[in-house]
Amino acid sequence: MLKVSGVEKKFGNTEVLKGIDLNIDTGEILVIVGPSGGGKTTLLRCVNALEHCDNGSIEINGRAICKDGKYVDKKTMAEIRKDIGLVFQNFNLFPHMSVLENIIEAPQKVLGMSKKDAIKKAEEILGFLDLEDKKNNYPFELSGGQKQRVAIGRALALEPKIMCFDEPTSALDPGLTGEFANLIKKLSNNGMGMMIITHDMEFAKKVSDRIVSMSEGKLQKGLIFEE
Ligand SMILES: Nc1ncnc2c1ncn2[C@@H]1O[C@H](COP(=O)(O)OP(=O)(O)OP(=O)(O)O)[C@@H](O)[C@H]1O
Ligand SMILES: [Mg+2]
């Protein structure tokens, strides 16, 4: 599903990623923990092609976005990136659009879906996320957990094979964190692979199939620190 090998990244003279090897299987939930500044977000950004690595290879669902530090052309990249979804820490919802509008935007623009089909799909997703009654509300009218579910819904509308989350529970209370963990499990049971960065060890242990630690630009199996 996701194959990362030998990925290196420098910012100026600072080596932030020092040869990262990582695989995620179908439906597998991989959690990455580790001290601040270790390179977790940079790795996530490289995997989503928001940042270009200097060296190494990244394959998403069997197709390379980058091989030995060389990236595919824009059009191929756009095609491959449909298979990977990213939920940002601050959710990045469109503030002037309702919940429904937030979700139907990408399928129409990226997948070329008709508005009617996009709405049908969005309504299914809203049902799955238990948000039917919020579809006409605006982001400012939602709680943190509801906003997060809309952000997940927006990513799900593109039917990615793999989803990435950067510190998804930082705005959630313990109850909502538990609900979020259940949602992640439900999605992975449907075959979606997950890459989740978190500082929340309890959540990491609850949700993960596998935990790796990252520090100083390197990955280690298992835990090297506990907060
Ligand atoms: N755009 C950038 N330009 C220069 N340096 C950067 C840039 N982005 C990240 N860095 C540096 O790369 C290192 C790794 O940052 P990164 O955000 O990946 O860490 P992190 O593991 O996600 O930390 P945290 O747990 O605090 O979110 C840090 O030293 C950071 O200052
Ligand atoms: Mg980070």
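Everything numeric here is computed off the predicted structure, so don't read it as measured data. Computed over heavy atoms, backbone and side chain alike; hydrogens, waters and symmetry mates excluded. Read the numbers this way: they start at 1 and go in the same order the structure lists the ligands and their atoms.
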N-O pairing of Glu28 and Arg210 below 4.0 Å:
yes
Kindly compute the distance separating CD1 (Ile84) from NZ (Lys161), expressed to the nearest 0.5 Å.
12.0 Å
Any carboxylate oxygen within less than 4.0 angstrom of a Lys/Arg side-chain nitrogen, looking at Lys3 and Asp21?
no
Quick one, list the residues around ligand 1 where some non-hydrogen atom comes in under 4.0 Å, by chain and residue number.
Phe11, Val16, Pro35, Ser36, Gly37, Gly38, Gly39, Lys40, Thr41, Thr42, Glu167, His199
Salt-bridge present (Glu202, Lys205; N to O < 4.0 Å):
no
Can you list the protein N, O or S atoms less than 2.8 Å from the Mg ion (ligand 2)?
Thr41 OG1
Spell out, as yes or no, whether a donor-acceptor pair under 3.5 Å connects the side chain of Lys18 to the backbone of Glu216.
yes
For Lys70, which residues count as a side-chain hydrogen bond (donor to acceptor under 3.5 Å, both in side chains) partner, sequence neighbours excluded?
none
Please tabulate, for the side chains in residues 108-120, all donor-acceptor contacts under 3.5 angstrom to protein atoms that are two or more places apart in sequence or on a different chain.
{"from": "Gln108", "atom 1": "NE2", "to": "Ile104", "atom 2": "O", "distance (Å)": "3.0"}
{"from": "Lys109", "atom 1": "NZ", "to": "Glu105", "atom 2": "OE2", "distance (Å)": "2.9"}
{"from": "Ser114", "atom 1": "OG", "to": "Asp117", "atom 2": "N", "distance (Å)": "3.1"}
{"from": "Ser114", "atom 1": "OG", "to": "Asp117", "atom 2": "OD2", "distance (Å)": "3.4"}

Nearest heavy-atom neighbours spanning Gly85 and Pro160
N-CB, 3.6 Å
Hey, could you give me the CE/CE distance between Met192 and Met163, rounded to the nearest 0.5 Å?
5.5 Å
